[in-house]
Amino acid sequence: MSLSEQEIIRRDSMHALRLMGIDPYPAEGFEVTHTSTAILEQFPDNPEGFSAVRIAGRLMSKRIMGKASFAVIQDSVGTLQVYISRDDICDGEDKSMYNDVFKKHLDIGDFIGVSGFVFTTQTGTTTLHVKELTLLSKALRPLPIVKTDAEGNVHDAFTDPEQRYRMRYVDMVVNPQVKSVFIKRTQLMNSMREYLNAKGYLEVETPILQPIYGGAAARPFKTHHNALDTTLYLRIANELYLKRLIVGGFDGVYEFSKDFRNEGMSRFHNPEFTQIELYVAYKDYEWMMNLVEEMLEKVAIDVTGGTKVQVGEHLIDFKRPWKRFTMFEAIEHFTGVDISEMDEHALYKAAKEMKVHIDASTMGKGKIIDEIFGEKCEPYLIQPTFITDYPVEMSPLAKKHRHKEGLVERFEAIVNGKELLNSFSELNDPIDQRHRFEAQLELGKRGDEEAMVLDEDFLRALEFGMPPTAGLGIGIDRLTMIMTNSNSIQDVLFFPQMRPERS
RNA sequence: GAACCCGUAGCUCAGCUGGCUAGAGCAUAACACUUUUAAUGUUGGGGUCCUGGGUUCGAGUCCCAGCGGGUUCACCA
(Lines give C-alpha, C1' and ligand atoms only; values in the text may rest on other atoms or scores of the structure.)
Protein backbone atom coordinates (compact mmCIF):
# COMPACT_ATOMS: atom_id res chain seq x y z
CA MET A 1 0.00 0.00 0.00
CA SER A 2 1.44 3.32 -0.98
CA LEU A 3 0.51 6.31 1.12
CA SER A 4 -0.24 9.76 -0.15
CA GLU A 5 1.82 12.64 1.14
CA GLN A 6 -1.04 13.71 3.38
CA GLU A 7 -1.42 10.25 4.87
CA ILE A 8 2.28 10.15 5.66
CA ILE A 9 2.08 13.55 7.34
CA ARG A 10 -0.79 12.39 9.53
CA ARG A 11 1.04 9.23 10.55
CA ASP A 12 4.05 11.37 11.40
CA SER A 13 1.81 13.59 13.53
CA MET A 14 0.45 10.52 15.31
CA HIS A 15 3.98 9.37 16.16
CA ALA A 16 4.97 12.86 17.29
CA LEU A 17 1.96 12.91 19.64
CA ARG A 18 2.96 9.55 21.11
CA LEU A 19 6.48 10.87 21.75
CA MET A 20 4.89 13.76 23.65
CA GLY A 21 3.03 11.26 25.83
CA ILE A 22 -0.34 11.79 24.14
CA ASP A 23 -2.24 8.64 23.23
CA PRO A 24 -3.88 9.22 19.83
CA TYR A 25 -6.46 6.52 20.65
CA PRO A 26 -7.17 6.81 24.37
CA ALA A 27 -9.38 4.18 25.98
CA GLU A 28 -11.27 6.30 28.49
CA GLY A 29 -14.56 7.94 27.55
CA PHE A 30 -15.16 11.67 27.42
CA GLU A 31 -18.13 12.95 29.35
CA VAL A 32 -20.25 15.33 27.28
CA THR A 33 -22.65 17.86 28.82
CA HIS A 34 -24.25 19.36 25.71
CA THR A 35 -24.70 18.86 22.01
CA SER A 36 -23.70 21.58 19.58
CA THR A 37 -27.27 22.43 18.66
CA ALA A 38 -28.41 22.50 22.29
CA ILE A 39 -25.81 25.21 22.98
CA LEU A 40 -26.72 27.19 19.87
CA GLU A 41 -30.42 27.06 20.70
CA GLN A 42 -30.30 27.70 24.44
CA PHE A 43 -27.36 30.01 25.08
CA PRO A 44 -28.48 33.23 23.33
CA ASP A 45 -31.71 33.51 25.37
CA ASN A 46 -30.47 31.93 28.52
CA PRO A 47 -26.73 32.43 28.97
CA GLU A 48 -26.57 31.15 32.55
CA GLY A 49 -25.43 27.62 33.04
CA PHE A 50 -22.88 27.55 30.22
CA SER A 51 -19.74 28.19 32.27
CA ALA A 52 -18.59 24.57 32.29
CA VAL A 53 -19.57 22.91 29.04
CA ARG A 54 -18.06 19.79 27.51
CA ILE A 55 -18.63 18.71 23.94
CA ALA A 56 -16.95 16.20 21.65
CA GLY A 57 -16.83 15.61 17.93
CA ARG A 58 -14.78 15.91 14.79
CA LEU A 59 -12.54 18.87 14.12
CA MET A 60 -13.89 20.23 10.84
CA SER A 61 -11.95 23.45 10.33
CA LYS A 62 -9.03 25.32 11.88
CA ARG A 63 -8.46 29.06 11.51
CA ILE A 64 -5.21 29.96 13.21
CA MET A 65 -4.29 33.59 13.98
CA GLY A 66 -1.09 33.48 15.92
CA LYS A 67 -1.70 32.84 19.56
CA ALA A 68 -5.46 32.40 19.11
CA SER A 69 -7.56 30.22 16.83
CA PHE A 70 -11.07 29.41 15.87
CA ALA A 71 -12.11 25.89 15.02
CA VAL A 72 -15.33 24.07 14.23
CA ILE A 73 -16.40 20.87 15.95
CA GLN A 74 -19.04 18.66 14.39
CA ASP A 75 -20.96 16.30 16.65
CA SER A 76 -23.82 13.96 15.84
CA VAL A 77 -26.37 16.73 15.43
CA GLY A 78 -24.52 19.80 14.17
CA THR A 79 -21.50 22.03 14.45
CA LEU A 80 -20.21 24.51 17.00
CA GLN A 81 -17.43 27.07 16.74
CA VAL A 82 -14.79 26.94 19.44
CA TYR A 83 -12.20 29.56 20.39
CA ILE A 84 -8.79 28.38 21.47
CA SER A 85 -6.15 30.72 22.86
CA ARG A 86 -2.62 29.62 23.57
CA ASP A 87 -2.40 30.74 27.16
CA ASP A 88 -5.73 29.16 28.10
CA ILE A 89 -4.92 25.62 27.10
CA CYS A 90 -1.25 25.64 28.10
CA ASP A 91 0.27 25.12 31.56
CA GLY A 92 2.67 27.92 32.53
CA GLU A 93 5.65 28.34 30.21
CA ASP A 94 5.14 25.10 28.29
CA LYS A 95 3.30 26.21 25.17
CA SER A 96 3.58 22.87 23.34
CA MET A 97 -0.13 22.00 23.76
CA TYR A 98 -0.99 24.91 21.51
CA ASN A 99 2.07 25.34 19.32
CA ASP A 100 2.68 21.66 18.61
CA VAL A 101 -0.39 19.64 19.47
CA PHE A 102 -3.16 21.93 18.28
CA LYS A 103 -1.45 23.89 15.52
CA LYS A 104 0.75 21.18 14.02
CA HIS A 105 -0.54 17.75 14.89
CA LEU A 106 -4.30 18.05 15.00
CA ASP A 107 -5.92 17.65 11.60
CA ILE A 108 -9.36 18.07 10.13
CA GLY A 109 -11.26 14.88 10.86
CA ASP A 110 -9.67 14.18 14.26
CA PHE A 111 -12.05 13.56 17.14
CA ILE A 112 -11.47 15.91 20.04
CA GLY A 113 -13.22 16.73 23.29
CA VAL A 114 -13.20 20.25 24.69
CA SER A 115 -14.39 21.95 27.84
CA GLY A 116 -14.82 25.63 28.62
CA PHE A 117 -17.43 28.39 28.71
CA VAL A 118 -19.76 29.70 26.06
CA PHE A 119 -19.63 33.34 24.88
CA THR A 120 -20.59 35.43 21.89
CA THR A 121 -17.89 36.77 19.58
CA GLN A 122 -17.71 40.31 18.23
CA THR A 123 -19.31 39.06 15.04
CA GLY A 124 -22.15 37.54 17.02
CA THR A 125 -21.34 33.84 16.81
CA THR A 126 -22.07 31.62 19.78
CA THR A 127 -18.70 30.10 20.58
CA LEU A 128 -17.14 27.82 23.16
CA HIS A 129 -14.03 29.34 24.78
CA VAL A 130 -11.83 26.30 25.32
CA LYS A 131 -10.01 25.82 28.61
CA GLU A 132 -9.03 22.22 28.03
CA LEU A 133 -8.60 20.15 24.91
CA THR A 134 -8.31 16.35 24.61
CA LEU A 135 -7.49 14.29 21.57
CA LEU A 136 -9.98 11.42 21.38
CA SER A 137 -9.07 9.77 18.09
CA LYS A 138 -6.66 10.61 15.29
CA ALA A 139 -7.80 10.45 11.66
CA LEU A 140 -5.15 9.11 9.30
CA ARG A 141 -6.93 9.96 6.07
CA PRO A 142 -7.92 13.48 5.01
CA LEU A 143 -11.62 14.18 4.70
CA PRO A 144 -12.96 15.90 1.62
CA ILE A 145 -13.43 19.49 2.71
CA VAL A 146 -16.73 21.08 1.83
CA LYS A 147 -17.01 24.80 2.44
CA THR A 148 -19.93 27.15 2.30
CA ASP A 149 -19.35 30.85 1.69
CA ALA A 150 -21.27 33.87 2.91
CA GLU A 151 -23.71 33.69 -0.02
CA GLY A 152 -24.43 30.06 0.78
CA ASN A 153 -22.53 28.68 -2.21
CA VAL A 154 -21.05 25.27 -1.56
CA HIS A 155 -17.47 24.77 -2.67
CA ASP A 156 -15.72 21.49 -3.40
CA ALA A 157 -18.82 19.44 -2.69
CA PHE A 158 -18.34 15.69 -2.25
CA THR A 159 -20.78 14.65 -4.94
CA ASP A 160 -19.35 11.71 -6.88
CA PRO A 161 -22.12 9.09 -6.44
CA GLU A 162 -19.74 6.16 -6.53
CA GLN A 163 -17.54 7.57 -3.78
CA ARG A 164 -20.55 8.61 -1.73
CA TYR A 165 -22.13 5.13 -1.86
CA ARG A 166 -18.89 3.23 -1.39
CA MET A 167 -17.76 5.41 1.51
CA ARG A 168 -21.09 6.27 3.09
CA TYR A 169 -19.26 7.02 6.36
CA VAL A 170 -17.46 9.88 4.62
CA ASP A 171 -20.61 10.97 2.84
CA MET A 172 -22.43 11.34 6.14
CA VAL A 173 -19.59 13.28 7.75
CA VAL A 174 -19.24 15.87 5.00
CA ASN A 175 -22.85 15.89 3.75
CA PRO A 176 -24.75 15.88 7.05
CA GLN A 177 -28.12 16.25 5.33
CA VAL A 178 -27.65 12.64 4.18
CA LYS A 179 -28.26 11.49 7.74
CA SER A 180 -31.69 13.09 7.77
CA VAL A 181 -32.86 10.75 4.98
CA PHE A 182 -31.99 7.74 7.11
CA ILE A 183 -33.49 9.24 10.24
CA LYS A 184 -36.72 9.68 8.28
CA ARG A 185 -36.51 6.11 7.05
CA THR A 186 -36.47 4.89 10.62
CA GLN A 187 -39.25 7.30 11.62
CA LEU A 188 -41.30 5.93 8.76
CA MET A 189 -40.92 2.35 9.96
CA ASN A 190 -41.57 3.39 13.56
CA SER A 191 -44.72 5.18 12.45
CA MET A 192 -46.03 2.01 10.80
CA ARG A 193 -45.11 -0.07 13.85
CA GLU A 194 -47.03 2.29 16.11
CA TYR A 195 -50.04 2.14 13.85
CA LEU A 196 -50.06 -1.63 13.49
CA ASN A 197 -49.23 -2.34 17.12
CA ALA A 198 -52.05 -0.06 18.21
CA LYS A 199 -54.40 -2.26 16.18
CA GLY A 200 -53.10 -5.28 18.05
CA TYR A 201 -51.21 -6.92 15.20
CA LEU A 202 -48.10 -8.88 16.04
CA GLU A 203 -44.68 -8.14 14.58
CA VAL A 204 -43.04 -11.46 13.73
CA GLU A 205 -39.94 -12.92 12.13
CA THR A 206 -39.97 -15.68 9.54
CA PRO A 207 -37.18 -17.53 7.73
CA ILE A 208 -34.86 -15.77 5.32
CA LEU A 209 -33.28 -19.07 4.31
CA GLN A 210 -36.02 -21.06 2.65
CA PRO A 211 -35.95 -24.52 1.04
CA ILE A 212 -38.70 -23.40 -1.36
CA TYR A 213 -38.91 -19.75 -2.30
CA GLY A 214 -42.32 -18.27 -2.94
CA GLY A 215 -44.75 -15.41 -2.58
CA ALA A 216 -43.59 -13.42 -5.58
CA ALA A 217 -42.50 -13.74 -9.19
CA ALA A 218 -38.75 -13.36 -9.15
CA ARG A 219 -35.46 -15.17 -9.56
CA PRO A 220 -33.86 -16.06 -6.23
CA PHE A 221 -30.37 -16.18 -4.78
CA LYS A 222 -29.31 -19.75 -4.14
CA THR A 223 -27.09 -21.03 -1.37
CA HIS A 224 -26.17 -24.31 0.28
CA HIS A 225 -26.41 -25.61 3.82
CA ASN A 226 -23.46 -27.87 4.55
CA ALA A 227 -24.77 -29.91 7.48
CA LEU A 228 -28.09 -30.64 5.81
CA ASP A 229 -26.40 -30.89 2.43
CA THR A 230 -29.34 -29.11 0.90
CA THR A 231 -30.06 -26.14 -1.32
CA LEU A 232 -31.57 -23.12 0.34
CA TYR A 233 -32.83 -19.89 -1.19
CA LEU A 234 -32.79 -16.35 0.17
CA ARG A 235 -36.39 -15.31 0.45
CA ILE A 236 -38.00 -13.29 -2.34
CA ALA A 237 -41.02 -12.64 -0.12
CA ASN A 238 -42.36 -13.79 3.22
CA GLU A 239 -45.98 -14.06 2.15
CA LEU A 240 -46.39 -17.83 2.39
CA TYR A 241 -44.90 -17.98 5.89
CA LEU A 242 -47.09 -15.18 7.22
CA LYS A 243 -50.18 -16.95 5.87
CA ARG A 244 -49.09 -20.11 7.69
CA LEU A 245 -49.21 -17.99 10.84
CA ILE A 246 -52.78 -16.98 10.05
CA VAL A 247 -53.57 -20.69 9.64
CA GLY A 248 -51.98 -21.17 13.04
CA GLY A 249 -54.41 -18.80 14.68
CA PHE A 250 -53.00 -15.28 14.75
CA ASP A 251 -55.50 -12.60 13.74
CA GLY A 252 -52.96 -10.12 12.41
CA VAL A 253 -49.23 -10.47 11.73
CA TYR A 254 -46.70 -8.25 10.03
CA GLU A 255 -43.00 -8.33 9.31
CA PHE A 256 -40.47 -5.87 7.97
CA SER A 257 -38.86 -8.28 5.60
CA LYS A 258 -35.49 -7.99 3.91
CA ASP A 259 -36.09 -9.73 0.58
CA PHE A 260 -33.57 -10.75 -2.07
CA ARG A 261 -34.10 -10.91 -5.81
CA ASN A 262 -31.45 -11.96 -8.26
CA GLU A 263 -32.31 -9.50 -10.99
CA GLY A 264 -31.14 -6.30 -12.61
CA MET A 265 -30.25 -3.20 -10.66
CA SER A 266 -31.57 0.26 -11.36
CA ARG A 267 -32.69 3.47 -9.78
CA PHE A 268 -35.63 1.52 -8.33
CA HIS A 269 -34.07 -1.89 -7.75
CA ASN A 270 -31.45 -3.12 -5.30
CA PRO A 271 -30.75 -6.87 -4.98
CA GLU A 272 -31.80 -6.70 -1.34
CA PHE A 273 -34.66 -4.49 -0.34
CA THR A 274 -37.21 -4.13 2.41
CA GLN A 275 -40.93 -4.78 2.34
CA ILE A 276 -43.49 -4.75 5.04
CA GLU A 277 -46.06 -7.47 4.66
CA LEU A 278 -49.26 -7.54 6.71
CA TYR A 279 -51.95 -10.23 6.93
CA VAL A 280 -55.22 -9.79 8.79
CA ALA A 281 -57.78 -12.55 9.27
CA TYR A 282 -61.51 -12.15 8.56
CA LYS A 283 -60.89 -9.13 6.29
CA ASP A 284 -60.91 -8.51 2.56
CA TYR A 285 -59.15 -6.17 0.14
CA GLU A 286 -61.78 -3.43 0.46
CA TRP A 287 -61.09 -3.25 4.16
CA MET A 288 -57.36 -3.23 3.47
CA MET A 289 -57.68 -0.23 1.16
CA ASN A 290 -59.07 1.80 4.03
CA LEU A 291 -56.26 0.68 6.30
CA VAL A 292 -53.64 1.66 3.72
CA GLU A 293 -55.07 5.16 3.33
CA GLU A 294 -55.20 5.69 7.05
CA MET A 295 -51.72 4.29 7.71
CA LEU A 296 -49.93 6.13 4.92
CA GLU A 297 -51.63 9.40 5.75
CA LYS A 298 -50.28 9.00 9.28
CA VAL A 299 -46.84 8.06 7.98
CA ALA A 300 -46.70 11.18 5.79
CA ILE A 301 -47.63 13.37 8.75
CA ASP A 302 -45.17 11.66 11.10
CA VAL A 303 -42.28 11.80 8.65
CA THR A 304 -42.80 15.08 6.81
CA GLY A 305 -45.07 17.05 9.13
CA GLY A 306 -48.06 17.07 6.77
CA THR A 307 -50.01 15.09 4.22
CA LYS A 308 -48.49 16.97 1.29
CA VAL A 309 -45.06 15.78 0.19
CA GLN A 310 -42.87 17.41 -2.44
CA VAL A 311 -41.49 14.76 -4.79
CA GLY A 312 -39.47 16.16 -7.67
CA GLU A 313 -41.74 18.66 -9.39
CA HIS A 314 -44.93 17.18 -7.94
CA LEU A 315 -46.68 17.95 -4.68
CA ILE A 316 -48.20 14.64 -3.63
CA ASP A 317 -51.05 14.64 -1.13
CA PHE A 318 -51.59 11.54 0.98
CA LYS A 319 -54.77 12.91 2.56
CA ARG A 320 -57.65 10.46 2.61
CA PRO A 321 -59.63 9.42 0.61
CA TRP A 322 -57.58 8.45 -2.43
CA LYS A 323 -58.96 8.00 -5.91
CA ARG A 324 -60.05 4.49 -6.83
CA PHE A 325 -60.24 3.01 -10.30
CA THR A 326 -60.64 -0.51 -11.53
CA MET A 327 -57.90 -1.43 -13.95
CA PHE A 328 -60.40 -1.40 -16.82
CA GLU A 329 -61.68 2.03 -15.80
CA ALA A 330 -58.16 3.38 -15.65
CA ILE A 331 -57.36 2.07 -19.12
CA GLU A 332 -60.57 3.48 -20.53
CA HIS A 333 -59.86 6.82 -18.83
CA PHE A 334 -56.39 7.16 -20.34
CA THR A 335 -56.91 5.53 -23.74
CA GLY A 336 -60.64 5.94 -24.43
CA VAL A 337 -60.87 2.22 -25.11
CA ASP A 338 -63.07 -0.15 -23.12
CA ILE A 339 -61.23 -3.47 -23.07
CA SER A 340 -63.31 -5.15 -20.38
CA GLU A 341 -65.23 -7.40 -22.78
CA MET A 342 -62.38 -8.16 -25.20
CA ASP A 343 -61.02 -11.61 -25.86
CA GLU A 344 -57.31 -12.25 -26.32
CA HIS A 345 -57.32 -11.56 -30.05
CA ALA A 346 -59.20 -8.28 -29.70
CA LEU A 347 -56.92 -7.25 -26.87
CA TYR A 348 -53.90 -7.93 -29.01
CA LYS A 349 -55.28 -5.71 -31.76
CA ALA A 350 -56.20 -2.95 -29.32
CA ALA A 351 -52.71 -2.98 -27.79
CA LYS A 352 -51.20 -2.72 -31.27
CA GLU A 353 -53.36 0.29 -32.05
CA MET A 354 -52.23 1.95 -28.82
CA LYS A 355 -48.64 1.26 -29.89
CA VAL A 356 -48.04 -0.78 -26.73
CA HIS A 357 -45.17 -3.19 -27.12
CA ILE A 358 -46.59 -6.73 -27.15
CA ASP A 359 -45.02 -10.12 -27.72
CA ALA A 360 -47.94 -12.25 -28.88
CA SER A 361 -46.14 -15.58 -28.56
CA THR A 362 -45.51 -15.40 -24.82
CA MET A 363 -48.10 -12.94 -23.54
CA GLY A 364 -51.51 -14.12 -22.45
CA LYS A 365 -54.56 -11.97 -21.87
CA GLY A 366 -53.56 -10.87 -18.38
CA LYS A 367 -50.06 -9.91 -19.42
CA ILE A 368 -51.33 -7.77 -22.32
CA ILE A 369 -53.70 -5.91 -20.02
CA ASP A 370 -50.84 -5.37 -17.59
CA GLU A 371 -48.64 -4.01 -20.37
CA ILE A 372 -51.30 -1.56 -21.54
CA PHE A 373 -51.81 -0.37 -18.00
CA GLY A 374 -48.08 -0.08 -17.35
CA GLU A 375 -47.49 2.02 -20.42
CA LYS A 376 -50.63 4.08 -20.78
CA CYS A 377 -51.81 4.65 -17.22
CA GLU A 378 -49.23 4.08 -14.50
CA PRO A 379 -46.80 6.88 -15.44
CA TYR A 380 -49.62 9.44 -15.33
CA LEU A 381 -50.97 8.50 -11.92
CA ILE A 382 -49.11 10.98 -9.73
CA GLN A 383 -51.43 11.42 -6.77
CA PRO A 384 -52.01 8.31 -4.64
CA THR A 385 -54.50 6.16 -6.55
CA PHE A 386 -55.87 2.69 -5.95
CA ILE A 387 -56.12 0.42 -8.96
CA THR A 388 -58.35 -2.59 -8.32
CA ASP A 389 -59.38 -5.90 -9.86
CA TYR A 390 -56.49 -7.48 -11.75
CA PRO A 391 -56.47 -10.31 -14.28
CA VAL A 392 -56.27 -13.68 -12.58
CA GLU A 393 -53.29 -14.84 -14.65
CA MET A 394 -51.03 -12.26 -13.00
CA SER A 395 -52.03 -13.08 -9.44
CA PRO A 396 -51.62 -16.74 -8.47
CA LEU A 397 -52.02 -16.07 -4.74
CA ALA A 398 -55.10 -13.84 -4.88
CA LYS A 399 -58.72 -14.88 -4.46
CA LYS A 400 -61.00 -14.83 -7.50
CA HIS A 401 -63.30 -11.84 -7.64
CA ARG A 402 -66.62 -12.41 -5.93
CA HIS A 403 -68.53 -10.98 -8.95
CA LYS A 404 -66.20 -10.42 -11.90
CA GLU A 405 -65.18 -13.36 -14.05
CA GLY A 406 -61.46 -13.61 -14.87
CA LEU A 407 -60.38 -11.09 -12.25
CA VAL A 408 -59.02 -11.29 -8.73
CA GLU A 409 -59.70 -9.17 -5.66
CA ARG A 410 -56.47 -7.25 -5.76
CA PHE A 411 -55.39 -3.65 -5.60
CA GLU A 412 -52.22 -1.66 -5.96
CA ALA A 413 -51.56 1.93 -4.99
CA ILE A 414 -49.79 3.98 -7.63
CA VAL A 415 -47.91 7.06 -6.42
CA ASN A 416 -45.75 9.34 -8.52
CA GLY A 417 -46.24 7.08 -11.53
CA LYS A 418 -44.88 4.01 -9.75
CA GLU A 419 -46.40 1.07 -8.01
CA LEU A 420 -45.92 1.45 -4.29
CA LEU A 421 -47.85 -1.40 -2.71
CA ASN A 422 -49.83 -4.50 -3.54
CA SER A 423 -52.67 -6.18 -1.74
CA PHE A 424 -55.35 -8.78 -2.16
CA SER A 425 -58.00 -10.92 -0.61
CA GLU A 426 -55.82 -13.95 -0.04
CA LEU A 427 -56.61 -17.15 -1.85
CA ASN A 428 -57.57 -19.70 0.84
CA ASP A 429 -59.16 -22.38 -1.33
CA PRO A 430 -56.47 -25.09 -1.30
CA ILE A 431 -57.78 -26.78 -4.46
CA ASP A 432 -57.78 -23.52 -6.42
CA GLN A 433 -54.35 -22.68 -5.01
CA ARG A 434 -52.98 -26.00 -6.23
CA HIS A 435 -54.35 -25.31 -9.72
CA ARG A 436 -52.74 -21.87 -9.73
CA PHE A 437 -49.38 -23.32 -8.71
CA GLU A 438 -49.68 -25.91 -11.46
CA ALA A 439 -50.35 -23.17 -13.99
CA GLN A 440 -47.18 -21.49 -12.75
CA LEU A 441 -45.26 -24.73 -13.20
CA GLU A 442 -46.40 -24.75 -16.82
CA LEU A 443 -45.06 -21.23 -17.27
CA GLY A 444 -41.80 -22.38 -15.72
CA LYS A 445 -41.55 -25.26 -18.15
CA ARG A 446 -42.03 -22.81 -21.01
CA GLY A 447 -38.96 -20.92 -19.80
CA ASP A 448 -40.38 -18.26 -17.49
CA GLU A 449 -37.59 -17.97 -14.95
CA GLU A 450 -39.79 -16.02 -12.59
CA ALA A 451 -42.61 -18.50 -12.43
CA MET A 452 -43.51 -19.64 -8.93
CA VAL A 453 -42.69 -23.09 -7.66
CA LEU A 454 -45.19 -25.38 -5.98
CA ASP A 455 -44.98 -25.30 -2.19
CA GLU A 456 -46.47 -28.55 -0.93
CA ASP A 457 -46.20 -27.57 2.73
CA PHE A 458 -48.03 -24.31 2.10
CA LEU A 459 -50.82 -26.22 0.39
CA ARG A 460 -50.98 -28.61 3.36
CA ALA A 461 -51.37 -25.59 5.62
CA LEU A 462 -54.24 -24.26 3.50
CA GLU A 463 -55.89 -27.67 3.58
CA PHE A 464 -56.02 -27.39 7.36
CA GLY A 465 -58.01 -24.21 6.73
CA MET A 466 -57.15 -20.51 6.56
CA PRO A 467 -59.78 -17.90 7.42
CA PRO A 468 -60.59 -15.25 4.84
CA THR A 469 -57.61 -12.95 5.00
CA ALA A 470 -56.49 -9.63 3.57
CA GLY A 471 -52.80 -9.29 2.73
CA LEU A 472 -50.61 -6.30 1.97
CA GLY A 473 -47.02 -5.63 0.87
CA ILE A 474 -45.43 -2.19 0.80
CA GLY A 475 -41.99 -1.42 -0.61
CA ILE A 476 -40.29 0.42 2.23
CA ASP A 477 -37.42 1.67 0.07
CA ARG A 478 -39.73 3.17 -2.52
CA LEU A 479 -41.96 4.69 0.12
CA THR A 480 -38.88 6.21 1.74
CA MET A 481 -37.83 7.61 -1.65
CA ILE A 482 -41.16 9.40 -1.88
CA MET A 483 -41.19 10.63 1.71
CA THR A 484 -37.63 11.99 1.42
CA ASN A 485 -37.83 13.23 -2.19
CA SER A 486 -34.96 10.94 -3.17
CA ASN A 487 -34.36 10.19 -6.82
CA SER A 488 -32.64 6.84 -6.40
CA ILE A 489 -33.02 3.80 -4.19
CA GLN A 490 -29.30 4.11 -3.48
CA ASP A 491 -30.02 7.33 -1.64
CA VAL A 492 -32.29 5.59 0.88
CA LEU A 493 -30.01 2.58 1.50
CA PHE A 494 -26.98 3.08 3.73
CA PHE A 495 -24.93 0.64 1.70
CA PRO A 496 -26.41 0.04 -1.76
CA GLN A 497 -25.04 -2.94 -3.63
CA MET A 498 -21.99 -2.01 -5.70
CA ARG A 499 -19.65 -3.90 -7.93
CA PRO A 500 -16.69 -5.07 -5.80
CA GLU A 501 -13.94 -2.49 -5.64
CA ARG A 502 -10.74 -3.26 -7.51
CA SER A 503 -7.71 -3.31 -5.26
C1' G B 1 -28.83 -6.55 -22.08
C1' A B 2 -28.77 -1.45 -25.31
C1' A B 3 -27.65 3.77 -26.20
C1' C B 4 -25.30 8.11 -24.55
C1' C B 5 -21.87 10.68 -21.17
C1' C B 6 -17.66 10.71 -17.75
C1' G B 7 -12.50 9.07 -15.70
C1' U B 8 -6.49 14.94 -14.98
C1' A B 9 -3.20 16.40 -7.50
C1' G B 10 -6.17 14.17 -1.08
C1' C B 11 -11.15 17.15 -2.75
C1' U B 12 -13.78 20.24 -6.67
C1' C B 13 -12.53 21.20 -11.49
C1' A B 14 -9.95 23.87 -16.16
C1' G B 15 -6.88 22.21 -20.09
C1' C B 16 -9.27 25.07 -27.47
C1' U B 17 -8.72 22.64 -34.26
C1' G B 18 -2.77 17.48 -31.16
C1' G B 19 2.58 21.59 -29.98
C1' C B 20 7.43 24.64 -24.58
C1' U B 21 8.77 21.62 -18.20
C1' A B 22 0.30 19.77 -17.27
C1' G B 23 -2.80 24.31 -14.38
C1' A B 24 -6.36 26.85 -10.52
C1' G B 25 -8.95 27.01 -5.74
C1' C B 26 -9.31 24.26 -1.32
C1' A B 27 -6.44 20.74 1.49
C1' U B 28 -1.16 20.01 2.88
C1' A B 29 4.22 21.96 4.60
C1' A B 30 7.04 26.47 6.53
C1' C B 31 6.81 31.62 8.47
C1' A B 32 3.74 35.88 10.45
C1' C B 33 -0.68 37.16 13.10
C1' U B 34 -4.93 36.94 20.49
C1' U B 35 -12.42 37.54 18.32
C1' U B 36 -11.96 34.92 12.90
C1' U B 37 -15.49 32.63 9.64
C1' A B 38 -14.74 30.08 2.12
C1' A B 39 -9.86 34.01 7.85
C1' U B 40 -5.58 36.62 5.61
C1' G B 41 -0.40 37.49 3.64
C1' U B 42 4.38 35.38 1.85
C1' U B 43 7.03 30.90 0.27
C1' G B 44 7.18 25.50 -0.94
C1' G B 45 5.97 20.30 -1.95
C1' G B 46 2.45 17.16 -4.37
C1' G B 47 0.51 13.96 -11.00
C1' U B 48 1.14 6.14 -13.80
C1' C B 49 -3.65 12.65 -17.05
C1' C B 50 -8.15 4.98 -15.49
C1' U B 51 -5.42 0.60 -18.17
C1' G B 52 -3.43 -1.51 -22.75
C1' G B 53 -2.65 -0.98 -27.85
C1' G B 54 -2.59 2.25 -32.31
C1' U B 55 -2.08 6.87 -35.55
C1' U B 56 1.68 10.86 -35.46
C1' C B 57 7.96 14.11 -35.69
C1' G B 58 4.92 14.82 -31.20
C1' A B 59 -1.08 12.31 -27.51
C1' G B 60 -4.11 14.52 -21.28
C1' U B 61 -6.22 15.80 -26.27
C1' C B 62 -7.44 11.66 -32.07
C1' C B 63 -8.72 6.04 -33.04
C1' C B 64 -9.56 0.84 -31.07
C1' A B 65 -10.17 -2.49 -26.98
C1' G B 66 -10.72 -3.14 -21.84
C1' C B 67 -11.84 -1.56 -16.63
C1' G B 68 -14.73 1.53 -13.42
C1' G B 69 -18.75 4.95 -12.79
C1' G B 70 -23.18 7.77 -14.15
C1' U B 71 -27.81 8.75 -16.88
C1' U B 72 -31.77 6.96 -19.83
C1' C B 73 -34.19 2.67 -21.76
C1' A B 74 -35.27 -2.65 -21.51
C1' C B 75 -35.98 -6.59 -17.93
C1' C B 76 -38.14 -6.52 -13.14
C1' A B 77 -43.22 -5.57 -8.12
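Residue numbers start from 1 in every chain, and the chains themselves are labelled A, B, ... in the order their sequence lines are given, proteins ahead of strands.
Within the nucleic acid shown, A:R267 comes within 4.0 Å of sugar-phosphate atoms alone, with no base atom in reach, counting heavy atoms only. No contact: A:E378 has no heavy atom under 4.0 Å from any strand. Among the protein residues, A:Q275 comes within range of no part of the nucleic acid, since none of its heavy atoms lies under 4.0 Å from any strand. Note on A:A237: nothing from the nucleic acid sits closer than 4.0 angstrom, heavy atoms only. In this structure, A:F119 reaches the bases: a heavy-atom distance under 4.0 Å links it to at least one base atom across the strands shown. Nucleic acid contact class of A:R261 (heavy atoms, under 4.0 Å, all strands): sugar-phosphate only.
In this structure B:rC57 sits in a base pair with B:rG19, meeting the Watson-Crick or G-U test at under 3.5 Å.
A:I84 has its CD1 atom 16 Å from the C1' atom of B:rC33, to the nearest Å. Distance CD (A:Q163) to P (B:rG68): 16 Å, rounded to an integer number of Å. In this structure, A:M60 atom CE and B:rC26 atom P are separated by 18 Å, rounded to whole Å. B:rA29 atom C1' lies 13 Å from atom CZ of A:R10, rounded to whole Å. In this entry the distance linking CZ of A:R164 with C1' of B:rG70 reads 13 Å, nearest Å. When the P atom of B:rC11 is taken as reference, atom CG of A:D171 falls 14 Å away, rounded to whole Å.
Within the structure, every pair that satisfies the salt bridge (Lys or Arg N to Asp or Glu O under 4.0 Å) test and touches residues 472-492 of chain A, not counting sequence neighbours, is listed here: A:R185-A:D477. Applying the salt bridge (Lys or Arg N to Asp or Glu O under 4.0 Å) rule to pairs touching residues 118-131 of chain A yields A:D88-A:K131, sequence neighbours excluded. Annotation: salt bridge (Lys or Arg N to Asp or Glu O under 4.0 Å) contacts involving residues 376-398 of chain A, sequence neighbours excluded, comprise A:D389-A:K404. Every pair passing side chain to side chain donor-acceptor pair (under 3.5 Å) that includes a residue from residues 102-111 of chain A is listed here, sequence neighbours excluded: A:S13-A:H105, A:D107-A:K138, A:D110-A:K138.
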- CA sep, side-chain torsions, deciding dist, call: A:E409, A:S425, side chain to side chain donor-acceptor pair (under 3.5 Å): CA-CA 6 Å; A:E409 297 205 348; A:S425 300; 2.8 Å; yes
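With B:rU34, B:rU12, B:rC31 as the candidates, the nucleotide lying closest to the side chain of A:F158 is B:rU12.
Judged as a ring-ring contact (aromatic ring centres under 6.0 Å, His included), and not counting sequence neighbours, A:F158 has no contacts.
Between A:P176 and A:Q74 the shortest heavy-atom distance is CG-OE1, 4.4 Å.
One P atom belongs to B:rG1, the other to B:rU12, and the distance between them is 29 Å to the nearest Å.
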- Task: Encode nucleotides 37-49 of chain B as B, S and - characters from 5' to 3', where the letter depends on protein heavy atoms closer than 4.0 Å: B to the base, S only to sugar-phosphate, - to neither.
- Result: BBB-----B----
